[in-house]
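Structure first, commentary second.
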Amino acid sequence: MATAAHPRKRPREDDPEAPPPQRAPSAPPRTLPVSPGCYAGPFPFYGRPAEVGHFSLDEQRRYHGDARQLRYFAPPPDHRPDPPFDLLDGYQDRYVRRDEDVREGLDHLLRWVLHNRCRLPGHRPGQGRPVAADVVTWRGHLTKVVTTPYERREGWLLAATRFHGTIYVSEVETVAARAQRLARSEDLRRLIYMGYKFEQYMCAERAGGGAAPGGVVNTNAAYCTVLRARLGPHSLLFAAEVDCADPAPGPAPDPARYVELKTTATPTVSAQHRAFRRKLLKWWAQSFLPGVPRVVTGLREPDGSVAALETYETAAMFQLVRDDPGAWQPAACMNFALAFLDFLSHVVTQDDPRLVTLFAWEPGCHVSWTRHRDSDYNFLPTWYTEALTQDPSPPQPPQAPPNPADPQ
């Protein structure tokens, strides 16, 4: 897949002389406005996310259709690090980085879909679509869309293709994002490591166990939940990487048992407080979309230590910023996401995995799109399209009893 693109110039939203787009009545719209003022209003319908499966990626980034990489929330006594966590421990000698030049696209999620589509609610053998969802994607791609009305720095490129009635959406790395990734400073590399190290201090391999922060930090390993949700009329199937699960007994269903872990600099001056409140938007979107109820944060000191923890309830995050001038509005974010899905469904109409529509956005501009056939933007692998074409609706597999030896 291509790692960069140069879409044609897009009209700026602040250009009063820009003419409205001219199109035939049956033609799809050419652009989508982004300004949050266009999306004020009541919060749109967003159905409660429901977990329908999970998968793991091991230390070599290999796919496993089980929960072997799930970790459990194991905070220190009284939720107070004593002694303070050392987030730079192991940076020089116990750190295995994932190869970010390998563009995985949707491949891991598609492996889950291929093996589990018969178990999706709404699946009818021999009828309709082989995958019972309007849109299949990653949580991270949806997060970019949801936060777009208030994003001022980073644009995005999203590739979309329709196959057997379902639209698949995968991110394409922009030229600017690739340049920033390759030019990361040593300080930024340390900050990235600190986030992973914090998870090591806060997680145990077994429910009821203790954290073991002395091991290797390997960013290849991951546990991912697969969820169904609905935004307005659009049914979504997406995967989200999960930091850990709360082992406490109780009736809370998945994904309400999951906990998001973050680190942030301890705010000491007004500029840091403002930066933290902007950061809350991404935290809120990342947690709200999959239904994760809380974010536990390590307050990071300049030397890389953490001596205090804070918990933020996802549902209450907006209360921390609502009095700020120009504060982000959750309803505007989700109304824009709904408008984008409407836009997507009107533009991506031809059912052909060889045809990709590239949606492009930069701060201050409308969302625009271009079409590409048999290009470097194609992202549905042949092993997926061939399997779904040859066997579009396999029989419902029998419900096997759980194997006590399988990881839960």
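When reading the values below, keep in mind they use all heavy atoms of this one structure, side chains included, and skip hydrogens, waters and symmetry mates.
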Open item on the list: For Ser185 and Asp187, which I'm curious about, is there any donor-acceptor pair between the side chains at under 3.5 Å?
Closed with: no
Open item on the list: For a quick check under 3.5 Å, do Arg178 and Gln180 share a side-chain donor-acceptor pair by atom type?
Closed with: no
Is any side-chain heavy atom of [X] closer than 4.5 Å to a side-chain heavy atom of [Y]?
X      : Y      : answer
Tyr46  : Leu289 : yes
Leu87  : Val306 : yes
Leu158 : Val172 : no
Met202 : Pro76  : yes

Task: Electrostatic pair Glu171:Lys144 at N-O distance under 4.0 angstrom - done: yes
Task: Phe276 vs Trp283, ring pair (Phe, Tyr, Trp, His ring centres under 6.0 Å): CA-CA, chis, key distance, verdict - done: CA-CA 10 Å; Phe276 171 71; Trp283 290 6; 5.6 Å; yes
TODO: Kindly check if the number of other-residue, nucleotide or ligand heavy atoms within 6.0 Å of CZ (Arg206) is above 12?
DONE: no
Task: Aromatic ring proximity Tyr63/Trp112, centre distance under 6.0 Å - done: no
TODO: Please confirm whether Phe359 and Phe340 have ring centers closer than 6.0 angstrom.
DONE: yes
Task: Leu114 backbone acceptor or donor facing Arg117 side chain under 3.5 Å - done: yes
Open item on the list: Tell me whether Asp89 contacts the main-chain N or O of Asp86 through its side chain, where contact means a donor paired with an acceptor under 3.5 Å.
Closed with: no
Open item on the list: For Trp383, does the six-membered ring have the charged nitrogen or CZ of Arg111 within the cation-pi criterion, i.e. under 6.0 angstrom from the centroid and within 45° of the normal?
Closed with: yes
Task: Nearest heavy-atom neighbours spanning Pro29 and Phe343 - done: O-CE1, 3.4 Å
Could you check whether the rings of [X] and [Y] sit parallel, tilted or perpendicular, using 30° and 60° as the cut-offs?
X      : Y      : answer
His79  : Phe73  : tilted
Phe288 : Trp284 : parallel
Trp361 : Trp156 : tilted

- [ ] Would you please test Phe55 and His64 for ring pair (Phe, Tyr, Trp, His ring centres under 6.0 Å) and show each step?
- [x] CA-CA 6 Å; Phe55 59 88; His64 301 274; over 10 Å; no
Open item on the list: If the test is salt bridge (Lys or Arg N to Asp or Glu O under 4.0 Å), which one of Arg294, Arg71, Arg257 qualifies with Asp246?
Closed with: Arg294
